[in-house]
Amino acid sequence: MNKNELIEGIATDCELSKAAAKRAVDSLIANVIKAVKKGDSVQLIGFGTFGSGKRAARTGRNPRTGEAIKIKAATTVKFTAGKAFKDAVNGAKKKK
């Protein structure tokens, strides 16, 4: 599924125009990016948590030449799936 297919699905499920659904999806993405960029995490109960992490500087190898290269430290983006999401993907049934 790509972004346009997601927008179509949301528009259909919520009885919205595609334009309104696109604005909602774009706003969600922008707000998640803004929060994670600030160093905050975004937790969507039942779905998962978006956050950031640190990757230390390290030495790598150029696969073509075998030459050692320095790789800079970087901030990474992490997503941890929530229990309900994992259970849905793995086909677990809800307990009552």
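This structure is a prediction, so every number in the text was calculated from the model and none was measured.
Aromatic ring orientation, F50 versus F79: tilted (interplanar angle from 30° to 60°).
More than 12 heavy atoms of other shown residues, nucleotides or ligands fall within 6.0 angstrom of atom CD in E5.
To the nearest 0.5 Å, atom NZ of residue K22 and atom CG of residue L6 are 11.5 Å apart. Separation of atoms CD1 (I7) and CG (L16) is listed at 11.5 Å; rounding is to 0.5 Å. Rounding to the nearest 0.5 angstrom, the gap separating the CD1 atom in I69 from the OG1 atom in T59 is 9.0 Å. For the atom pair K37 NZ and T75 OG1, the distance stands at 11.5 Å (nearest 0.5 Å). Residue N90 holds its CG atom at 10.0 Å from CZ of F85, rounded to the nearest 0.5 Å. A distance of 3.5 Å separates CG of D26 from NZ of K3, quoted to the nearest 0.5 Å.
For the pair V25 and I10, the minimum side-chain heavy-atom distance is below 4.5 Å. In this structure the side chain of K54 never reaches within 4.5 angstrom of the side chain of T76, judged on heavy atoms.
A salt bridge does not link R61 with E67: every distance from a Lys NZ or Arg NE/NH1/NH2 to an Asp or Glu carboxylate oxygen is 4.0 Å or more.
In terms of heavy-atom proximity, G46 sits nearest to A84 at O-CB, 3.5 Å. Residues S17 and A11 approach most closely at O-CB, 4.0 Å, considering heavy atoms.
Checked by atom type and distance alone, the side chain of S27 never pairs as donor or acceptor with a backbone atom of R23 at under 3.5 Å. Looking only at distances, no side-chain donor or acceptor of D40 sits under 3.5 Å from a matching main-chain atom of V36.
M1 and L28 fall into different hydrophobic clusters, where Ile, Leu, Val, Met, Phe, Trp and Tyr are joined by side-chain heavy atoms under 4.5 Å apart, directly or via other members. When the side chains of ILVMFWY residues are joined at heavy-atom separations under 4.5 Å, either directly or via intervening members, I45 and V32 end up in two distinct hydrophobic clusters.
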